[in-house]
Colleague: 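Have a look at this one before I ask anything.
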Amino acid sequence: MKLQLVKQTQAELPDFLKDLNSEQQKAAATTEGPLLIIAGAGSGKTRVVTFRIAYLLQKGIPPHNILALTFTNKAAHEMKERIATMVGNSTSSKVWAGTFHSIFARILRSEAENLGYTSSFSIYDSDDSLSVVRAVMNTLGISQQQVPPQGVRSRISSAKNQMIGAQRYANEAGNILEKQTGQIYQEYEKRLRLNNAMDFDDLLINMINLFNNFPEILKKYQERFRYIHVDEYQDTNRAQYIAIKMLAAGIHRNLCVVGDDAQSIYKWRGADIRNILDFQNDYDDAAVVRLEQNYRSTKTILQAADNVIGNNRKQLAKKLWTDNPEGAKISVLPARDDREEADMILKALRTEMNENFLAPKDFALLYRTNAQSQALEDALRRAAIPYTIVGGLSFYKRKEVKDTVAYLRLLVNPNDSESVLRVINEPPRGIGATSLQHIRTYADEHNISLFEAFTTANQITTIQKRAAGSAQTFASMVQRFIDLKPDIPPTELAVSFIEATGLLRMLKDENTEESLDRWNNVQRLLSNIAEMSAREENPSLEAFLQQIALVSDTDEADTTKNRVALMTMHAAKGLEFPVVFIAGMEQGLFPMGRAENNAEEAEEERRLFYVGITRARQKLYLSYAERRFRFGELIFAQPSRFIGEISEELLELKVGNMNYQQSTPRKKPIDVTIIRQPFFDDIPKEDFFSQVPPTSPKLRVGIKVKHAQFGVGTVQALSGEGSKAQALVYFPTVGKKHLMLEYAKLQIVG
DNA sequence: ATCCGTGAGCTTTTT
DNA sequence: GCTCACGGAT
């Protein structure tokens, strides 16, 4: 359907809205004023929002006047894609659709100077901010033994999410722990500023600061965003709530929030369920639409979900119903231990595949904690069933990848001392802790950044000549590439810089299986830059760094491949599968131990279970183990009380037919670290679903190739093998270029 | 300066 | 079972 600039009245809705039920239509067509859409699980929420945006576009609203905020990149992508199929890609790509963090980062990047940052500020993820906390504690002389840095970080983060600044926190601190946290918090903020860096929470808070301090800027964005959509509104925290409120308080007031209080599962991250419960108080003229028809699940599954959530007190009134058939009963799989649990799941999975002609991609294995994935993985791998793990240990959190990112940050933001410290001895450069300490002191005293101190290290009398020498060598190496930056494309800059740092050589020289893996990961990150460069109109290192700071593996999970999906229930929100297994239904694990005596937390766990149940379309399995390994120790547990909250007639117990052999040795997987990486998409060799990677056609001297940036050129020479393979190509536009074949995706044109 | 062994704490969930 | 800080040895 193409965009038509035709004025429509509400009475004559465009045809495509007729595909919606009457409530959905109302939600999509109520475009003016505040609107609360209470959307139960499986009620077509995403569909309604995309239709609504398509409708706005069709009415002639310019796409850049529409804002859609989501929590995950995945949700944003999906929304964009679906809008694209309705109105075309050129229009949909101009809609401001993205996560809170990425949209705000984008705005902040163009307004950064107003807040005393440069536009190339670094974004610190939670690991980065943890190391800042550690460093601060070191300088303040607070023992990490007595005060766990992790706890400090999370207290700081939750203070930030509640809009409590460092000064105020310190003032209001009651006990010693809070006083120390306050002290660290203040220093932490100072250091981030000095580093020209923001953490995740700052992206929200600085947005509000910007709006508060610069009313004309606020006005600009209020006018730009005529129509605002917020997905998963129940998961917004205080800062997000305020930012939205400010944006929507302009002349337009067209704020549409979508959510389901029953699916609020991020309280631990500062989400405040009151935001959705009180929406009608905040906007007394708000229209309310309830989407209560479920199109996803069987009656049985929905009934079970309803049984469970009925045990929670705080809820918005709604009643989900469905026209779908009764469906199969919910199977309960009782196992003796986690290994048997995995075997039983596998057996059931195979039966489903055979009897109902289902493919791997029709299944999801859900669990409470990532650690549980291992037993399930082992079983799937042994059975040669392809699987993919969503989330877990992230590619971007791996040491070598973070090191590479830290190096690249230096090119963009040399003031980022955290990154300097991170990479200074990767590879070792002979600048030890003592020298480093002296340089830092010097930098502090002279009020210059660490990098500047490196540049002038020969003037630091407190360190040895040799250390000063290597510090300067390092600094001038970095500086050389900073100077090159304006002149060469980001991919080339990054590749040659990382080469020059010696990181790659260090990993190569170590020559262990592990280090070669790491080497691969670094290459992989570099080729991501190449990919982005080929895709974007104006590729920049800044944009790339911002992007990867805000993505997670969850976003990259490729659900199109034919694989069983393994993930936490948190990660599964928004997804659906014909058959769902929820593993580890045990007291102490789900609900989690600490939630057992805490009513609020127990309710959140229950909502999480609700989310898990409602992912299933046809069939749900619940499994538990009487004992399992946790912390390398055997733990005994009772079945989860959540199972008991489902009425008995919906359940059936599967027992006795497992012919389980106690003697099966628990063998350690050959290479757990690799297997656990979702990024590798590793599946057993004998996997018949896997695809053979496309072999590249033969490159030879004299042949014409096409490069994403440089256009068509002629190959002059070829050298190196495998990942080191290079081509010397002559481009009429830019001259001769040495290109790594792995990054430069050359197309052969003749 | 760097390597290596030890012990403590940890994991619930993530932008 | 894994990661990290710390301390002592090289």
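Keep in mind that this is a model prediction, so the values were computed, not measured. Side chains included, hydrogens not; waters and symmetry mates left out as well; all remaining heavy atoms used.
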Colleague: By the 4.0 Å heavy-atom rule, please label Phe200(A) as base, sugar-phosphate, or nothing.
Modeller: base
Colleague: My understanding is that only residues two or more places apart in sequence, or in another chain, count here; which of them pass ring-ring contact (aromatic ring centres under 6.0 Å, His included) with Phe200(A)?
Modeller: His101(A)
Colleague: For Glu645(A), give me all partners under side chain to side chain contact (heavy atoms under 4.5 Å, CB included), at least two apart in sequence or on another chain.
Modeller: Val308(A), Asn311(A), Arg606(A), Arg641(A), Phe642(A)
Colleague: Ile635(A) has an atom CD1; how far is it from atom P of dG1(C), in whole Å?
Modeller: 13 Å
Colleague: What nucleotide, of dT11(B), dT15(B), dT14(B), holds the atom closest to the side chain of Ala371(A)?
Modeller: dT11(B)
Colleague: Name all residues meeting the ring-ring contact (aromatic ring centres under 6.0 Å, His included) criterion together with Tyr266(A); count only those two or more places apart in sequence or in a different chain, and write none if there are none.
Modeller: Trp268(A), His570(A)
Colleague: Quick check on DNA chain B: between Pro148(A) and Thr70(A), whose nearest nucleotide comes earlier from the 5' end?
Modeller: Pro148(A)
Colleague: Polar atom pairs between nucleotides 1-6 of chain B and protein, under 3.5 Å, N or O only, would you list them?
Modeller:
| unit_1 | atom_1 | unit_2 | atom_2 | d |
| --- | --- | --- | --- | --- |
| dA1(B) | OP1 | Gly432(A) | N | 2.4 |
| dA1(B) | OP1 | Ser435(A) | OG | 3.3 |

Colleague: Could you pull out all residues at least two apart from Tyr442(A) that satisfy ring-ring contact (aromatic ring centres under 6.0 Å, His included)?
Modeller: His446(A)
Colleague: Who passes side chain to side chain contact (heavy atoms under 4.5 Å, CB included) against Ala68(A), sequence neighbours left out?
Modeller: Ile53(A), Met79(A), Ala97(A), His229(A)
Colleague: What N/O pairs connect the protein and nucleotides 5-10 of chain C at under 3.5 Å? Give each pair on its own line.
Modeller:
| unit_1 | atom_1 | unit_2 | atom_2 | d |
| --- | --- | --- | --- | --- |
| dA5(C) | OP1 | Arg134(A) | NE | 3.4 |

Colleague: Listed by chain and number, what are the side chain to side chain contact (heavy atoms under 4.5 Å, CB included) partners of Ala105(A), not counting sequence neighbours?
Modeller: Ile123(A), Leu203(A), Gln546(A), Leu550(A)
Colleague: Does Arg134(A) have any side chain to side chain donor-acceptor pair (under 3.5 Å) partners at least two apart in sequence or in another chain, and if so, which?
Modeller: Gln144(A)
Colleague: Applying the 5.5 Å / 30° rule, does Tyr266(A) stack onto the base of dT14(B)?
Modeller: no
Colleague: Which atom names give the shortest non-hydrogen contact between Leu566(A) and Glu377(A), and what distance separates them?
Modeller: CD2-CG, 4.0 Å
Colleague: Starting at CG of Leu589(A) and ending at P of dT13(B), how long is that distance when rounded to a whole Å?
Modeller: 11 Å
Colleague: Residues in ring-ring contact (aromatic ring centres under 6.0 Å, His included) with Phe121(A), at least two apart?
Modeller: none
Colleague: Would you confirm whether Thr99(A), through its side chain, and Thr70(A), through its main-chain N or O, come within 3.5 Å as a donor-acceptor pair?
Modeller: no
Colleague: May I have the distance from Gln547(A) (atom CD) to dT15(B) (atom P), rounded to whole angstrom?
Modeller: 15 Å
Colleague: Taking only side-chain nitrogens and oxygens of Asn370(A), does any of them come within less than 4.0 Å of OP1 or OP2 of dT11(B)?
Modeller: no
Colleague: Where the side chain of Gln150(A) is defined as all heavy atoms beyond and including C-beta, which of dT11(B), dT13(B), dT15(B) is the nearest nucleotide?
Modeller: dT11(B)
Colleague: Near DNA chain B, counting only heavy atoms under 4.0 Å, which residues of residues 238-246 of chain A show up?
Modeller: none
Colleague: Between Ile548(A) (CD1) and dT15(B) (P), how many Å, whole number?
Modeller: 15 Å
Colleague: May I ask you to verify if any side-chain N or O of Thr568(A) is less than 4.0 angstrom from the OP1 or OP2 atom of dT14(B)?
Modeller: yes
Colleague: In whole angstroms, how far is the P atom of dT14(B) from the CG atom of Leu204(A)?
Modeller: 18 Å
Colleague: When you check the gap from the basic side-chain N to the acidic O, do Asp337(A) and Arg339(A) get nearer than 4.0 Å?
Modeller: no
Colleague: Mind checking side chain to side chain contact (heavy atoms under 4.5 Å, CB included) for Ala637(A) and listing every partner two or more places apart, or none if nothing turns up?
Modeller: Glu586(A)
Colleague: Under 4.0 Å, counting only non-hydrogen atoms across every strand here, what does Ser126(A) touch: a base, just sugar-phosphate, or nothing?
Modeller: base
